[in-house]
K.L.:
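Take a look at the following structure, please.
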Amino acid sequence: MRLSKFFMPLLRDDPKEAEIVSHQLMLRSGMIRQASSGIYSWLPLGHKVLRKIEQIVREEQDKAGAIELLMPTIQSADLWRESGRYDVYGKEMLRISDRHDRDMLYGPTNEELITDIFRSAARSYRDVPRILYHIQWKFRDEIRPRFGVMRGREFLMKDSYSFDLTVEGARRSYNKMFVAYLRTFERMGLKSIPMAADTGPIGGDLSHEFIVLAETGESEVFCHRDLIEKTAPEDDIDMDGDLSPILSEWTSKYAATIEKHDKERFEAEVPKKSRISARGIEVGHIFYFGTKYSVPMNCTVQSADGQQVNLECGSYGIGISRLAAAIIEASHDENGIIWPEPVAPFKVGLINLKSGDKATDNACEDLYNRLQNASIEILYDDTDDRAGAKFAAMDLIGLPWQLIVGPRGLKDKLVELKDRRTGKRDSLSLDEAINRLVP
RNA sequence: CGGGGCAUGGCGCAGUCUGGUAGCGCACCUGGUUUGGGACCAGGGGGUCGCAAGUUCGAAUCUUGCUGCCCCGACCA
C-alpha cells in the first residue's frame with residue numbers, strides 16, 4: 001500500500017478525551033474514530049489489526065475442534081423470557097421494538113440463541129460433544145463506557161459454546177478452550193495468565209479469567225512468578241488427548257485478581273521472591289455452567305440407554321476488539337505503538353527519505369515491488385513529507401520493521417533496516433534487506 | 001445512577017469574569033527556499049462559537065431549558 005493512496009488520518013496531539021495510552025495511540029494513529037460514547041468506527045489501519053486478531057482466534061478455535069457459525073446481533077426477547085434472563089439482565093441490555101411492537105434486543109451475549117439452535121437440531125447422544133463459536137458484535141449499554149475500545153458499549157467478541165452429555169465431557173471441552181486460549185494469546189505476543197474467577201451473572205462453578213499483564217492495565221493482579229515465565233503448549237499438542245495435566249500445571253500456582261485476592265493465602269503459598277503483584281487486562285473468560293440454560297430451555301438429547309438428558313454446557317469468550325487495545329497497552333513506547341508481528345497492520349514500513357530524487361525513488365519502487373511480489377505486507381511512505389515527519393509517523397503506527405531509503409546510504413548501495421522494538425538499525429544492501437524480510 | 005468538568009475550524013487551546021460581531025499553535029492550499037528525527041518565509045482557505053428560547057441597540061460572553069462528551073465512584077468482556 002502506498003501511503004499517498006491510503007486512508008490513515010494521523011493526529012499530532014492527543015485528543016483530550018483519551019485517558020489511557022492505548023486509546024490515545026489508537027486515535028492518533030488513525031485506527032479508530034469515536035462515533036458516540038463507547039461506539040467506534042474502525043478505520044483501515046485499525047480494521048487490519050482487528051482482522052489479524054480475529055484470524056488468530058479463529059485458527060486456534062478451529063484447531064481445538066470448535067466449529068464456526070454466525071448468529072445475529074438482534075434477538076427476539078422471547079428466548080430470553082424462556083431462560084428467565086429477560087427480567088434479570090437489567091439496563092445493560094439494549095431493548096428495542098420493531099414496527100410490529102415486538103420486543104427485540106441487541107444481543108449482549110448469545111447463550112439463549114445458541115441453546116435454541118442446538119436443541120432444535122440435536123437429538124441423540126451421538127450429536128455431542130460439540131463446540132460451536134461465532135465472532136460477532138455485541139452491545140452492552142454500560143453505565144460508563146471508557147478507555148476507548150477497552151471498555152466500549154459495542155465490541156467484537158469471539159464466543160464459543162460447548163454441549164456435552166456428561167459433566168466429565170464438559171470438563172474436557174472446558175480444558176480444550178483453556179489450552180486454546182493459552183495458545184491464542186501467546187501467538188499475539190501476549191503473556192496471559194489464567195486466574196480463578198467469579199462466574200458472575202452467567203452462573204456455574206468453574207471459571208477462569210485470562211489476564212494480560214500490562215503496566216497500564218485496569219485491574220490489580222497477584223500471582224506466582226512461575227506463571228509469567230510459562231509458555232503455552234506447542235503447536236503439535238493433541239487437542240483430543242488428555243489436557244488435564246496442562247490445566248493443573250497452570251492452575252496449581254496462586255493467581256488472582258484483586259477481587260478474588262486472598263493476601264494471607266498468597267503470602268502463605270508463595271515464597272516472597274516469587275510473588276508478583278502487577279496490573280492486568282482481562283482478555284478472555286471461560287465458564288462451565290452445566291445445565292443452567294439446558295434445563296429451562298429444555299435442551300436435551302437421548303442417551304444410549306434411552307433417557308432424555310439435559311446437556312452440560314459452557315461458554316468461552318474472547319474480547320477481540322479489546323485485544324487490540326490490550327496489545328498496545330502491553331507493547332508501546334514514548335514514540336508510539338510497537339506491534340507484535342502476527343497482529344501488525346503491515347509488516348514493513350518503507351520510508352522514502354527524499355521523494356523526487358531519482359535514485360531514491362527507483363530504489364524504493366524496486367524494494368516495494370519485490371516485497372509485494374513476495375506477499376510481504378508493506379506500507380510505502382511515498383509522500384514528500386520531510387524525513388523527520390516520516391520517522392515520527394512510522395514510529396507512531398508501530399510497524400515491526402522500517403526500511404529506510406535515502407541518498408546518503410544509496411551512494412554506497414545501502415539501505416537501513418530498523419527494528420521498531422529495539423530501535424536497532426542495520427545497513428544492508430537491497431538484496432540483503434529483502435532476504436531479511438522475506439521468510 | 002451519585003459527584004465533578006467540558007462543548008469556539010480537522011486536532012490542541014485562548015477569548016466568557018468585565019457584552020461591541022472571533023483569535024493562536026499544529027494540520028490544510030499556493031509560491032519560494034530547504035531536505036537523514038515532526039523546517040523556514042510569504043500569501044491563502046476553512047468556524048450558524050453544541051442546540052433552543054430569553055435579556056439587550058448589540059450575545060461566544062448574561063439568564064433559563066435541553067443535548068452531547070469526558071473524569072471519579074458503583075458496575076462490567
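Model, not experiment: these values are computed from the prediction. Labels below follow one simple rule: chain letters A, B, ... track the order of the sequence lines, proteins then strands, and each chain is numbered from 1.
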K.L.:
Between A:Y254 and A:H261 (judged by ring centroids, cut-off 6.0 Å), do the two rings come close enough to count as a pair?
P.N.:
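Distance test on ring centres: under 6.0 Å, yes.
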K.L.:
Watson-Crick or G-U wobble partner for B:U56, using a 3.5 Å limit on both distances?
P.N.:
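Looking at the geometry, B:U56 pairs with no nucleotide.
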K.L.:
Look at the side chain of A:D385 against the base of B:G38 and say whether a donor-acceptor pair falls under 3.5 Å; ignore hydrogens and angles.
P.N.:
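Checked by distance alone, the answer is no.
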K.L.:
Under 4.0 Å, counting only non-hydrogen atoms across every strand here, what does A:G406 touch: a base, just sugar-phosphate, or nothing?
P.N.:
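Base contact - A:G406 has a heavy atom under 4.0 Å of at least one base atom.
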K.L.:
Can you work out whether A:F147 or A:M150 has the more 5'-proximal nearest nucleotide on RNA chain B?
P.N.:
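Residue closer to the 5' terminus by nearest nucleotide: A:F147.
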K.L.:
What is the pairing partner of B:G25, taking Watson-Crick or G-U wobble pairs with both distances under 3.5 Å in any strand?
P.N.:
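Check on B:G25: paired to B:C11, both distances under 3.5 Å.
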K.L.:
Expressed in angstrom and rounded to an integer, what is the separation of A:K354 atom NZ from B:U34 atom C1'?
P.N.:
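In whole Å, B:U34 C1' lies 10 Å from A:K354 NZ.
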K.L.:
Output the rounded distance in Å from CD (A:E142) to C1' (B:G73).
P.N.:
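Answer to the nearest Å: 15 Å.
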K.L.:
Is the phosphate of B:G73 approached by A:R146 (side-chain N or O, under 4.0 Å from OP1 or OP2)?
P.N.:
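For A:R146, the contact criterion (side-chain N or O under 4.0 Å from OP1 or OP2 of B:G73) is met.
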K.L.:
Any ion pair linking A:E19 and A:R146 (charged N to carboxylate O, less than 4.0 Å)?
P.N.:
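Salt bridge absent between A:R146 and A:E19.
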K.L.:
Less than 4.0 angstrom from a charged side-chain N to a carboxylate O is my criterion; do A:D431 and A:K413 meet it?
P.N.:
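No, no charged N to carboxylate O under 4.0 Å.
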K.L.:
Applying the Watson-Crick and G-U wobble criteria at under 3.5 Å, what pairs with B:C6? Answer none if nothing qualifies.
P.N.:
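Across any shown strand, B:C6 pairs with B:G68.
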K.L.:
Taking any heavy-atom pair under 4.0 Å as a contact, classify A:G409: base, sugar-phosphate, or nothing.
P.N.:
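Since a base atom lies under 4.0 Å of A:G409, the category is base.
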K.L.:
What is the distance from CG of A:L27 to P of B:C69, rounded to the nearest Å?
P.N.:
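Roughly 15 Å, once rounded to whole Å.
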K.L.:
Which whole number of Å gives the distance between the P atom of B:C17 and that of B:A7?
P.N.:
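Approximately 14 Å lies between the P atom of B:C17 and that of B:A7.
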K.L.:
Output the rounded distance in Å from CZ (A:F391) to P (B:G37).
P.N.:
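About 7 Å, once rounded to whole Å.
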K.L.:
Over all strands shown, is A:K158 touching base, sugar-phosphate only, or nothing at heavy-atom distances under 4.0 angstrom?
P.N.:
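Touches nothing.
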K.L.:
Need one value for A:D357: base, sugar-phosphate or nothing, where a base atom within 4.0 Å counts as base even if backbone is also close, heavy atoms only.
P.N.:
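No contact.
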K.L.:
Using atom C1' in both nucleotides, what's the gap between B:U55 and B:G15 to the nearest angstrom?
P.N.:
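One C1' to the other, the span is 22 Å.
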K.L.:
Any base atoms under 4.0 Å from A:K16, or only sugar-phosphate, or nothing? Heavy atoms, all strands.
P.N.:
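Result for A:K16 = sugar-phosphate.
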K.L.:
CZ of A:R28 versus C1' of B:G38: gap in Å, rounded?
P.N.:
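These atoms are roughly 10 Å apart.
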K.L.:
Please give the distance between the P atoms of B:G65 and B:A27 as a whole number of Å.
P.N.:
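Approximately 42 Å lies between the P atom of B:G65 and that of B:A27.
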K.L.:
Would you tell me if any nitrogen or oxygen in the side chain of A:S37 comes within less than 4.0 Å of OP1 or OP2 on B:G68?
P.N.:
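Negative; the distance criterion is not met.
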K.L.:
Would A:R151 and A:E218 pass as an ion pair if we require N to O under 4.0 Å?
P.N.:
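So A:R151 pairs with A:E218 through a salt bridge.
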K.L.:
Would A:K230 and A:D226 pass as an ion pair if we require N to O under 4.0 Å?
P.N.:
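Salt bridge: no.
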K.L.:
What's the gap between B:G32 and B:C69 when it is taken at their C1' atoms, as a whole Å value?
P.N.:
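Nearest-Å result for B:G32 against B:C69 at atom C1': 43 Å.
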K.L.:
Quick check: any donor-acceptor pair below 3.5 Å linking the side-chain of A:K418 to the base of B:G37?
P.N.:
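Side chain to base: pair found, below 3.5 Å.
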K.L.:
Please work out if A:E17 contacts a base, only the sugar-phosphate, or nothing of the nucleic acid, heavy-atom cut-off 4.0 Å.
P.N.:
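The answer is sugar-phosphate, as A:E17 gets under 4.0 Å only of primed atoms, P, OP1 or OP2.
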K.L.:
Both distances under 3.5 Å, Watson-Crick or G-U wobble: report the partner of B:G37, or none.
P.N.:
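Across all strands, not a single nucleotide pairs with B:G37.
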K.L.:
Could you give the distance separating B:G19 and B:C28 at their P atoms, to the nearest angstrom?
P.N.:
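My reading of the P atoms in B:C28 and B:G19 gives 39 Å.
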K.L.:
Considering every strand and a 4.0 Å limit on heavy-atom distances, what is the contact class for A:S36: base, sugar-phosphate, or nothing?
P.N.:
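Sugar-phosphate only.
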K.L.:
I'd like the C1' distance from B:G31 over to B:A53, given in whole Å.
P.N.:
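About 49 Å, rounded to a whole number of Å.
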K.L.:
Can a salt bridge be assigned to the pair A:R153 and A:D141 using a cut-off of 4.0 Å between side-chain N and carboxylate O?
P.N.:
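Salt bridge: yes.
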K.L.:
For B:U30, give its Watson-Crick or G-U wobble partner with both distances under 3.5 Å, or none.
P.N.:
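The answer is B:A42, by the H-bond criterion.
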K.L.:
Heavy atoms only, 4.0 Å cut-off, all strands: where does A:R425 land among base, sugar-phosphate and nothing?
P.N.:
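Since a base atom lies under 4.0 Å of A:R425, the category is base.
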K.L.:
Where each residue is assigned the nucleotide of RNA chain B containing its nearest heavy atom, which of A:R12 and A:V283 is assigned the position nearer the 5′ end?
P.N.:
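This one resolves to A:R12.
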K.L.:
Is it the case that the ring center of A:F178 lies less than 6.0 angstrom away from the ring center of A:F210?
P.N.:
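Here the rings of A:F178 and A:F210 have centres that are less than 6.0 Å from each other.
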K.L.:
Does a distance-only test, which skips hydrogens and angles, find a donor-acceptor pair under 3.5 Å between the side chain of A:R144 and the base of B:G4?
P.N.:
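Donor-acceptor pair under 3.5 Å: no.
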K.L.:
Between A:W80 and A:Y89, is the ring centre distance below 6.0 Å?
P.N.:
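They qualify: ring centres under 6.0 Å apart.
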K.L.:
What contact category does A:A392 fall into here, base, sugar-phosphate, or nothing, at under 4.0 angstrom with non-hydrogen atoms?
P.N.:
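Here A:A392 touches the bases of the nucleic acid.
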K.L.:
For the pair made of CG in A:D384 and C1' in B:U33, what is the distance, rounded to whole Å?
P.N.:
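One finds 15 Å between C1' of B:U33 and CG of A:D384, rounded.
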K.L.:
Measuring only the P atom in each nucleotide, how far is B:G50 from B:A60? A whole number of Å is fine.
P.N.:
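The same atom, P, in both gives a distance of 10 Å.
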K.L.:
Report which part of the nucleic acid A:G152 touches: base, sugar-phosphate, or nothing (heavy-atom distance under 4.0 Å, all strands).
P.N.:
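Contact class for A:G152: base.
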K.L.:
Taking atom P in both B:C24 and B:C41, compute the distance separating them and give it to the nearest angstrom.
P.N.:
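After rounding to an integer number of Å, I get 15 Å for this pair.
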K.L.:
Under a 3.5 Å cut-off for both contacts, is B:C1 paired Watson-Crick or G-U wobble with anything, and if yes, with which nucleotide?
P.N.:
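For B:C1, the partner nucleotide comes out as B:G73, under the 3.5 Å rule.
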K.L.:
Over all strands shown, is A:E19 touching base, sugar-phosphate only, or nothing at heavy-atom distances under 4.0 angstrom?
P.N.:
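Contact class for A:E19: sugar-phosphate only.
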K.L.:
So does A:Q34 get a side-chain nitrogen or oxygen closer than 4.0 Å to the phosphate oxygens (OP1/OP2) of B:C70?
P.N.:
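Yes, such a contact exists.
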K.L.:
What is the distance, to the nearest angstrom, from the CD atom on A:E92 to the C1' atom on B:C1?
P.N.:
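After rounding, the gap between these two atoms is 13 Å.
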K.L.:
Write down the distance between CG (A:D14) and C1' (B:C71), rounded to a whole number of angstrom.
P.N.:
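Distance check: A:D14 CG to B:C71 C1' gives 16 Å.
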K.L.:
Record whether the side chain of A:R151 comes under 3.5 Å of the base of B:C76 through a donor-acceptor pair of N or O atoms.
P.N.:
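When only heavy-atom distances are counted, A:R151 does reach the base of B:C76 through a donor-acceptor pair under 3.5 Å.
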K.L.:
Does a side-chain N or O from A:R386 land closer than 4.0 Å to OP1 or OP2 of B:A39, or not?
P.N.:
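Answer is yes, contact under 4.0 Å.
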K.L.:
Under 3.5 Å, side chain of A:N352 to main-chain N/O of A:S355, donor-acceptor pair present?
P.N.:
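Present.
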